[in-house]
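Working notes, beginning with the structure itself.
Note: hydrogens, waters and symmetry copies are ignored here, and every other heavy atom, side chains too, is used.
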Amino acid sequence: MVNLVADKDIAEAAHILDEQIWRVHTKIRHGLTPEENWFSLRSRVESARNSFIVTARRRLSPAGGPLQRFSGRPPNEGQSMKA
């Protein structure tokens with residue numbers, strides 16, 4: 001558990017990210033069904049993480065420029081990791 005002290009927008013973005021992580025954790029614990037797509041689940045977590053990063057940077061460092069990448073993970077074939 002991480003306790004976050006931040007303004008409302010940052011805390012809300014953190015809660016959305018935490019919710020997506022919990023959803024994936026629960027699905028993994030109960031076993032993914034053939035209808036469930038791992039990449040779709042992971043995509044929701046990554047989207048929430050990216051929103052959290054953007055929100056935190058916007059609220060904490062408005063003078064900073066946009067990030068070109070959110071992660072060091074190499075992109076899947078045919079996929080871009082740019083912000």
Side-chain angles (χ1 to χ4, degrees):
M1 173 191 286
V2 174
N3 289 317
L4 180 66
V5 177
D7 75 4
K8 181 181 178 289
D9 292 339
I10 294 172
E12 172 118 4
H15 286 143
I16 291 169
L17 173 57
D18 189 45
E19 178 181 345
Q20 291 304 317
I21 291 169
W22 274 103
R23 288 179 185 276
V24 170
H25 172 76
T26 301
K27 289 198 180 275
I28 290 171
R29 188 177 49 189
H30 291 115
L32 293 173
T33 65
E35 298 83 38
E36 294 171 314
N37 182 335
W38 166 250
F39 294 107
S40 175
L41 295 172
R42 186 182 80 183
S43 171
R44 291 181 203 140
V45 172
E46 289 178 353
S47 177
R49 182 195 65 198
N50 294 349
S51 292
F52 172 77
I53 291 168
V54 167
T55 300
R57 285 179 53 87
R58 188 180 313 122
R59 302 293 289 174
L60 299 174
S61 180
L67 293 176
Q68 297 303 309
R69 293 178 62 173
F70 289 111
S71 170
R73 178 189 303 168
N76 295 337
E77 188 174 313
Q79 183 182 20
S80 172
M81 293 294 290
K82 290 195 175 189

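Residue R59 comes nearest to I10 through the heavy atom pair CB-CD1, 3.7 Å, listed as atom of the first residue, atom of the second, then distance. The two residues S51 and A13 make their nearest non-hydrogen contact at O-CB, 4.5 Å.
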Problem set entry | Test log, rule side chain to side chain contact (heavy atoms under 4.5 Å, CB included), inputs I16 and E12 | CA-CA 6 Å; I16 291 169; E12 172 118 4; 4.1 Å; yes
For this session: Might you work through the side chain to side chain contact (heavy atoms under 4.5 Å, CB included) test for L41 and I28, ending with a clear yes or no?
Result: CA-CA 10 Å; L41 295 172; I28 290 171; over 6 Å; no
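Transitive grouping of hydrophobic side chains (ILVMFWY, heavy atoms separated by less than 4.5 Å) keeps L17 and W22 in distinct clusters.
Remark: the backbone N or O of S43 is not paired with any side-chain donor or acceptor of S47 at under 3.5 angstrom. In this structure, H25 contributes its side chain and I21 its backbone to no donor-acceptor pair below 3.5 Å.
The only option from R42, R44, H15, R49 that meets the side-chain contact (heavy atoms from CB on, under 4.5 Å) definition with Q20 turns out to be R44.
The distance from atom CD of E46 to atom CD1 of I53, rounded to the nearest 0.5 Å, is 10.0 Å.
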